[in-house]
Amino acid sequence: MKVEENIDSLIPDQYQGSRMDAEQRRSSQNVEEAIRVYHLGCERLLNVNRWGSLAGVSDFQLISPLGIRIERDAKQGDYIRIDLPGPGTMAGMGYDWVKIEQIKSFEREDDQGLAMTVRPSAHPVSGSTEIAHFLKDIATSTFIIRRSGNEVFAEEHGRNEVANTDAQRLLDKGRNFAVGIAAKLGLSYPQWKILIKAFLAD
């Protein structure tokens, strides 16, 4: 796992489309308690298969690069199969897909953090390069758990969110446009806020 020096290096630059930032903060009475909360948050971040029960809306399943359901912590190169409410993409065989592009950590004095960045992808075993997600693959979502002294933060940063209207099938094109517009209007914010709040809950 790559170690970075600061949090700014963990979030991709914004240059096109929409962006979203959600943050949850929890203060502790001492550093020992904050470290406990931090490690708990990191465990929940990497336990992708539990995200659905934490967020309560969509369902998330960790998938290996070979397309097999897996029960372990997320690793760089894995895929996440997302079951959103309503119809999924035909390109994704009923689901939206993202690939875990990077997992990084950082430490500096009394600060530490873990970040995972995902990007829209094709279905891992479809044999196609068509993006199976409502956003184009210029988009990223970066999930961060970080500690600064007695405070622990959980964050989600969406960057370059552009609806995937390049889909080959007309139904996918219309569906992606509708879901992408909903996300642009902020309708995905509540789900991410619930999830990151749950990362730090007892």
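Quantities reported herein were computed from a predicted structural model and do not represent experimental measurements. Numbers here simply count residues along the sequence, with the first being 1.
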**OP:** Mind running side-chain hydrogen bond (donor to acceptor under 3.5 Å, both in side chains) on T140 and T117 for me, showing each step along the way?
**Re:** CA-CA 7 Å; T140 58; T117 298; over 6 Å; no
Original post:
Near D13 CG, under 6.0 Å, is it more than 12 heavy atoms from other residues, nucleotides or ligands?
Top reply: no
Original post:
Taking side chain as C-beta onward, heavy atoms only, is F106 less than 4.5 Å from L10?
Top reply: yes
**OP:** Could you tell me whether a side-chain N or O of Q14 sits under 3.5 Å from a main-chain N or O of Q16, the two making a donor and an acceptor?
**Re:** yes
Original post:
Less than 4.5 Å apart, any side-chain heavy atom of S28 and any of V37?
Top reply: yes
Subject >> Reported NZ-to-CZ distance for the pair K99 and R119, which is rounded to 0.5 angstrom >> reply: 11.0 Å
Original post:
Can you tell which of I82, D59, L62, L195 makes a side chain to side chain contact (heavy atoms under 4.5 Å, CB included) with W51?
Top reply: L195
**OP:** Could you label the plane-to-plane angle of the W192 and F143 rings as parallel, tilted or perpendicular, counting under 30° as parallel and over 60° as perpendicular?
**Re:** perpendicular
**OP:** Taking the six-membered ring of Y95 (Phe, Tyr or Trp), confirm whether the NZ or CZ of R81 is under 6.0 Å from its centre and within 45° of its axis.
**Re:** yes
Original post:
Hey, is K75 close enough to D73 for a salt bridge, meaning N to O under 4.0 Å?
Top reply: no
Original post:
So, E151 and S27: side-chain donor and acceptor under 3.5 Å apart, yes or no?
Top reply: yes
**OP:** Run the salt-bridge test on R146 and E155 with the 4.0 Å N-O cut-off and return the result as yes or no.
**Re:** yes
**OP:** Check the pair I100, I80 against side chain to side chain contact (heavy atoms under 4.5 Å, CB included), reporting the backbone distance first and the verdict last.
**Re:** CA-CA 7 Å; I100 300 175; I80 301 175; 4.2 Å; yes
Original post:
Looking only at atom types and distance, does a side-chain atom of R147 sit under 3.5 Å from a main-chain N or O of G149, one as donor and one as acceptor?
Top reply: yes
Original post:
CD1 of I145 to CG of L45: how many Å apart, nearest 0.5 Å?
Top reply: 5.5 Å
Original post:
For E156 and S141, what are the C-alpha separation, side-chain angles and deciding distance, and is it a side-chain hydrogen bond (donor to acceptor under 3.5 Å, both in side chains)?
Top reply: CA-CA 7 Å; E156 192 279 334; S141 288; 3.2 Å; yes
Subject >> 4.5 Å side-chain heavy-atom contact, D78 and I70 >> reply: yes
Subject >> Cation-aromatic face contact R44/F199, 6.0 Å, 45 degrees >> reply: no
Original post:
If you draw a 6.0 Å radius around CZ in R25, do more than 12 non-hydrogen atoms from other residues or ligands fall strictly inside?
Top reply: no
Original post:
Given the side-chain rings of H133 and W97, with only the six-membered ring counted for Trp, is the space between their centroids under 6.0 Å?
Top reply: no
Original post:
Atom CG in L114, atom CD in E43: separation rounded to 0.5 Å?
Top reply: 11.0 Å
Original post:
CD of Q112 to SG of C42: how many Å apart, nearest 0.5 Å?
Top reply: 7.5 Å
**OP:** With the side chain counted from C-beta on, respond yes when I194 and L54 share a heavy-atom pair under 4.5 Å apart, and no when they do not.
**Re:** no
Original post:
Hey, is D202 close enough to R26 for a salt bridge, meaning N to O under 4.0 Å?
Top reply: yes
Original post:
Rounded to the nearest 0.5 Å, what separation is found between the CD atom of E23 and the CD1 atom of I196?
Top reply: 7.5 Å
Original post:
Do side-chain atoms of D83 reach the backbone of S58 as a donor and acceptor pair under 3.5 angstrom?
Top reply: no
Subject >> Rounded distance [0.5 Å steps], CG in D111 versus CZ in F153 >> reply: 9.0 Å
Original post:
Just checking, any donor-acceptor pair under 3.5 angstrom between side chains of N49 and E71?
Top reply: yes
Original post:
Does I144 reach the side chain of H157, with side-chain heavy atoms less than 4.5 Å apart?
Top reply: yes
